[in-house]
Amino acid sequence: MRYWLMKSEPDEYSIDDLKRDKKSAWFGVRNYQARNFMRDDMSVGDPVFFYHSSCPEPGIAGICKIASKPLPDKTQFEAGTKYFDPKSTIEKPIWMCVEVAFVKKIELISLAALRDVKALAEMRILQRGNRLSITPVTETEWQYIETKLVK
DNA sequence: GCCAACGTTGGC
DNA sequence: GCCAACGTTGGC
C-alpha cells in the first residue's frame, strides 16, 4: 500500500463535491509524472490526502481513497474542451485517471500548519517549486498527519 | 496581479 | 540533443 496527496482547486472540485458524489474520476491530469503515478503506482484502497490548491486557504481538506484501476481519461477525447488532446486516440489513450472515493472531510490542515511541523519538512508538497498535482506521501508523514493533525 | 519555478515545444 | 521561448502552477 502507498499513500498519496492529490491537489484540486476547490473552485473546480472540492472535498464537498466528493462528499456529495461519494466517488469521482480524477480526470484532467495532463502531466506525465502525475499520470504515471496513477497508471503505475496506485492500488485500489490506497489512502489519499485531498488537498485544496490555488484558493484562499490552501491545505489538506479531507481524506479519500483510490477506488479503481487506471482508466482512460474520457475528457481527452472531448473536442472543444480544455482537456481535449488531439494526439490521443481511443486505441492508444495518452492520459489515464483513477477513481477516488470519499472517506471523510476534516478540519482544514493549512499549508502554513504543515510548514510549521519539523517532522514534515521533507514532504514533497512543501518543497520549493513543487507543482506536481499528485505526490507520494511516505508512511511516516502519513502517520504523523493522521494521528497528530487530523481532526 | 505578481512572480518563481518548472514542464513542454519546436527550431536548429 | 540542446536550449530559448512560452505556458502553467500555485502561493502570496
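Just so it is clear: chains get the letters A, B, ... in the order the sequence lines come, proteins before strands, and each one is counted from 1. Note that this is a predicted model, so its numbers are computed, not measured. Quick note: numbers below take in every heavy atom, side chains included, and nothing from hydrogens, waters or symmetry partners.
- A:Tyr51 has no side-chain polar atom (N or O) that falls below the 4.0 Å cut-off from OP1 or OP2 of C:dT9.
- In this structure, A:Gln127 places its CD atom 16 Å from C1' of B:dA4, rounding to the nearest Å.
- Regarding A:Asn130, its CG atom lies at a distance of 12 Å from the C1' atom of C:dG11, rounded to whole Å.
- In this model, the phosphate group of C:dG10 is approached by a side-chain N or O of A:Lys7 to a distance below 4.0 Å at OP1 or OP2.
- By the neighbour-count criterion of 12 heavy atoms within 6.0 Å, atom CD of A:Gln127 is densely surrounded, having more than that number from other residues, nucleotides or ligands.
- Of all the heavy atoms in A:Asp41 and A:Trp4, the pair that sits closest is O-CZ2, 3.5 Å.
- Across the protein-nucleic acid pair, A:Lys87 atom NZ and B:dT8 atom C1' stand 9 Å apart, rounded to whole Å.
- For A:Tyr3, the OH atom is densely surrounded, since the number of other residues' heavy atoms within 6.0 Å is greater than 12.
- Counting to the nearest Å, the P atom of C:dG10 and the CG atom of A:Leu132 are 9 Å from each other.
- Nucleotide C:dG10 holds its P atom 12 Å from the CD atom of A:Glu12, rounded to whole Å.
- In this structure, A:Arg115 places its CZ atom 13 Å from P of C:dG10, rounding to the nearest Å.
- In the set C:dG10, B:dT8, C:dC12, B:dT8 carries the atom at the smallest distance from any side-chain atom of A:Tyr32.
- Aromatic ring pairs are classed by plane angle as parallel below 30°, tilted from 30° to 60° and perpendicular above 60°; the pair A:Phe50 and A:Tyr13 is tilted.
- Looking at heavy-atom distances under 4.0 Å, A:Gln33 makes contact with sugar-phosphate atoms alone, never a base.
- A straight line from CD of A:Glu9 to P of C:dG10 spans 7 Å, rounded to a whole angstrom.
- Among the nucleotides C:dG10, C:dT8, C:dC12, the one closest to any side-chain atom of A:Arg131 is C:dT8.
- When the C1' atom of B:dT8 is taken as reference, atom CH2 of A:Trp95 falls 10 Å away, rounded to whole Å.
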Problem set entry | Audit row: A:Ser88, A:Gln76, side-chain hydrogen bond (donor to acceptor under 3.5 Å, both in side chains) steps and yes/no | CA-CA 7 Å; A:Ser88 195; A:Gln76 70 199 299; 2.6 Å; yes

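- Comparing atom distances between the A:Ser54 side chain and each of C:dG10, B:dG7, C:dC12 picks out C:dG10 as nearest.
- Minimum atom distance to the side chain of A:Ser53 is reached by C:dG10, of the listed C:dC12, B:dT8, C:dG10.
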